[in-house]
Amino acid sequence: MSTYRDPAARSGVLRTVGTRERRSHLSAPRVPTVGIDIGGTKVMAGVVDADGTILEKIRTETPDKSKSPKVVEDTIVELVLDLSDRHDVHAVGIGAAGWVDADRARVLFAPHLAWRNEPLRDALQDRLAVPVMVDNDANTAAWAEWRFGAGRGEDHLVMITLGTGIGGAILEDGRVKRGKYGVAGEFGHMQVVPGGHRCPCGNRGCWEQYSSGNALVREARELAAADSPVAYGIIERVKGNVPEISGPLITELAREGDAMCVELLQDIGQWLGVGIANLAAALDPSCFVIGGGVSAADDLLIGPARDAFRRHLTGRGYRPEARITRAQLGPEAGMVGAADLARLVARRFRRANRRRVERYERYERYAQAFRAGTHGRASRTTEDPGA
């Protein structure tokens with residue numbers, strides 16, 4: 001495991017990374033780094049090389065929300081040390097399901113963990129001998145898709161992650177747009193239905209209440225609980241146990257041709273298209289990449305989304321349409337992106353460390369020459385007092 005020991009130099013380098021991210025991946029060191037994706041149920045860690053290939057991956061359960069931040073830190077450190085026993089790790093990137101500040105040092109809020117203004121980066125750097133980068137998990141997933149997946153070659157990309165809720169990220173010209181305070185991309189909490197479904201964020205009518213895994217499961221369970229005749233297929237599959245209805249089960253039944261499940265995915269997809277049209281009006285990207293667990297439904301979801309997007313796009317028929325495509329890297333995207341972003345930190349720290357070493361070497365050469373010169377004058381004085 002690499003040992004970068006100067007915390008002050010490392011901290012200074014990390015603060016400058018966000019302003020110089022653009023295209024810097026082209027000259028980043030081709031060294032292995034660890035990416036960690038922290039979600040509501042699992043923590044996934046992997047060693048990733050410069051081509052985005054996962055060399056090794058391990059995972060564990062996410063500590064309960066009620067547990068202290070120290071417990072989560074312990075989990076991360078254990079995973080990194082485990083991987084570093086078998087790999088030369090040069091940096092660690094964290095993709096966290098939560099709000100991360102603009103300096104990528106603190107997790108301001110995480111809905112599934114006990115992180116409230118938590119100085120995660122500094123806490124981990126005090127325990128690990130490599131530089132650490134912290135970012136929102138949607139940002140790291142978007143970066144991975146731009147570098148290695150469905151977004152390669154795109155200059156203006158928006159990623160939408162459909163899971164329990166909706167996350168998102170914006171990339172422009174090879175740089176993640178994090179906003180002034182670091183919390184850009186929270187598309188799931190755009191209001192699409194005034195006075196609509198109550199959202200856990202405290203508002204009503206948020207986009208993720210109509211197009212997300214939670215929305216999909218909620219609608220299916222409501223129909224099943226009402227003993228609707230259209231829900232007989234899924235009721236039979238769960239043997240009447242409505243709480244067992246899940247997003248993957250709905251997708252599975254839809255692929256088998258269950259009419260209700262197909263319709264539910266169409267509804268979710270149509271709301272997805274409405275939100276994408278709104279984002280296109282505001283951001284005008286060239287590509288939307290759809291990721292997250294719900295995207296596994298593929299064309300059952302994305303087909304209706306494309307149709308709704310075309311119907312609701314501002315200026316439709318008189319402007320180019322953004323491409324809408326499914327993410328390619330699957331559930332590992334956040335981990336791969338975190339590792340790749342950490343490689344940029346490793347490059348800048350290595351550069352700063354190299355300059356520090358060069359300065360030290362120059363000083364040593366000067367000191368040796370000075371000592372040699374002083375010793376020579378002293379010897380001549382001893383040998384020839386009259387000189």
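Just so you know, residue 1 is the first one in the sequence shown, and it goes up from there. In this text, all values refer to a predicted model and were calculated from it rather than measured experimentally.
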Under a 4.5 Å cut-off applied to non-hydrogen side-chain atoms, are [X] and [Y] in contact?
X      : Y      : result
Lys57  : Met44  : yes
Cys261 : Ile234 : yes
Ile38  : Ile76  : yes
Phe309 : Glu321 : yes
Thr140 : Asp37  : no
Phe187 : Val158 : yes
Arg319 : Asp284 : yes
Arg218 : Gln209 : yes

* Asked: Is it true that atom CZ of Phe109 has more than 12 heavy atoms of other residues, nucleotides or ligands lying nearer than 6.0 Å?
  -> yes

* Is the number of heavy atoms from other residues, nucleotides or ligands under 6.0 Å of Arg326 CZ greater than 12? -> yes

What are the two closest heavy atoms between [X] and [Y], and how far apart are they?
X      : Y      : answer
Gly337 : Ala144 : N-CB, 3.5 Å
Ala138 : Ala169 : O-CB, 3.5 Å
Ala254 : Val262 : O-CG2, 3.5 Å
Gly179 : Ala102 : O-CB, 4.5 Å
Leu249 : Arg237 : CD1-CG, 3.6 Å
Asn136 : Val100 : N-CG2, 3.7 Å

* Asked: Run the side chain to side chain contact (heavy atoms under 4.5 Å, CB included) check on Arg147 and Leu171 step by step: do they pass?
  -> CA-CA 11 Å; Arg147 286 274 283 125; Leu171 271 86; over 6 Å; no

Output the distance between atom [atom1] ([X]) and atom [atom2] ([Y]), rounded to the nearest 0.5 Å.
X      : Y      : atom1 : atom2 : result
Glu263 : Leu300 : CD    : CG    : 13.0 Å
Ile290 : Leu272 : CD1   : CG    : 5.0 Å
Gln125 : Leu120 : CD    : CG    : 9.5 Å
Arg127 : Glu73  : CZ    : CD    : 6.0 Å
Asp340 : Asp49  : CG    : CG    : 9.5 Å
Arg323 : Arg306 : CZ    : CZ    : 9.5 Å

* Using a strict cut-off of less than 4.0 Å between a Lys/Arg side-chain nitrogen and an Asp/Glu carboxylate oxygen, indicate whether Asp122 and Arg106 qualify as a salt bridge. =>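 Result for this pair is no, no salt bridge flagged.
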
* Is the closest basic N to carboxylate O distance between Asp307 and Arg311 below 4.0 Å? -> no

* To do: Could you walk me through whether Trp207 and Asn278 pass the side chain to side chain contact (heavy atoms under 4.5 Å, CB included) test, one step at a time?
  => CA-CA 11 Å; Trp207 186 24; Asn278 290 340; over 6 Å; no

* To do: Verify side chain to side chain contact (heavy atoms under 4.5 Å, CB included) between Arg59 and Met335, making sure each step is shown before the conclusion.
  => CA-CA 11 Å; Arg59 60 186 293 167; Met335 180 185 73; over 6 Å; no

With [X], which of [options] fulfils side-chain contact (heavy atoms from CB on, under 4.5 Å)?
X      : options                : answer
Ser211 : Ile160, Ile166, Asp267 : Ile166
Met133 : Val92, Ile94, Leu341   : Leu341
Asp101 : Val134, Val107, Leu108 : Leu108

* Could I get the full list of side chain to side chain contact (heavy atoms under 4.5 Å, CB included) partners for Thr62, not counting sequence neighbours? => Val43, Leu113

* **side chain to side chain contact (heavy atoms under 4.5 Å, CB included) partners for Arg221, two or more places apart** =>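 Side chain to side chain contact (heavy atoms under 4.5 Å, CB included) list for Arg221, sorted by chain: Val217, Val242, Ile245.
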
Would a hydrophobic clustering, with Ile, Leu, Val, Met, Phe, Trp and Tyr connected at side-chain separations under 4.5 Å, put [X] with [Y]?
X      : Y      : value
Ile268 : Val193 : yes
Leu81  : Val132 : yes
Phe148 : Trp143 : no
Leu223 : Tyr210 : yes
Val71  : Trp115 : no

Donor-acceptor contact present, side-chain [X] to main-chain [Y], <3.5 Å:
X      : Y      : value
Thr33  : Ala339 : yes
His312 : Ala308 : yes
Ser286 : Glu154 : no

* Asked: Does the pair Arg178 and Asp103 meet the rule for a salt bridge (Lys or Arg N to Asp or Glu O under 4.0 Å), with working shown?
  -> CA-CA 10 Å; Arg178 297 179 174 84; Asp103 290 333; over 6 Å; no

* Would Asn214 and Glu208 satisfy side chain to side chain contact (heavy atoms under 4.5 Å, CB included), going step by step from the backbone distance to the final call? -> CA-CA 8 Å; Asn214 272 358; Glu208 69 176 39; over 6 Å; no

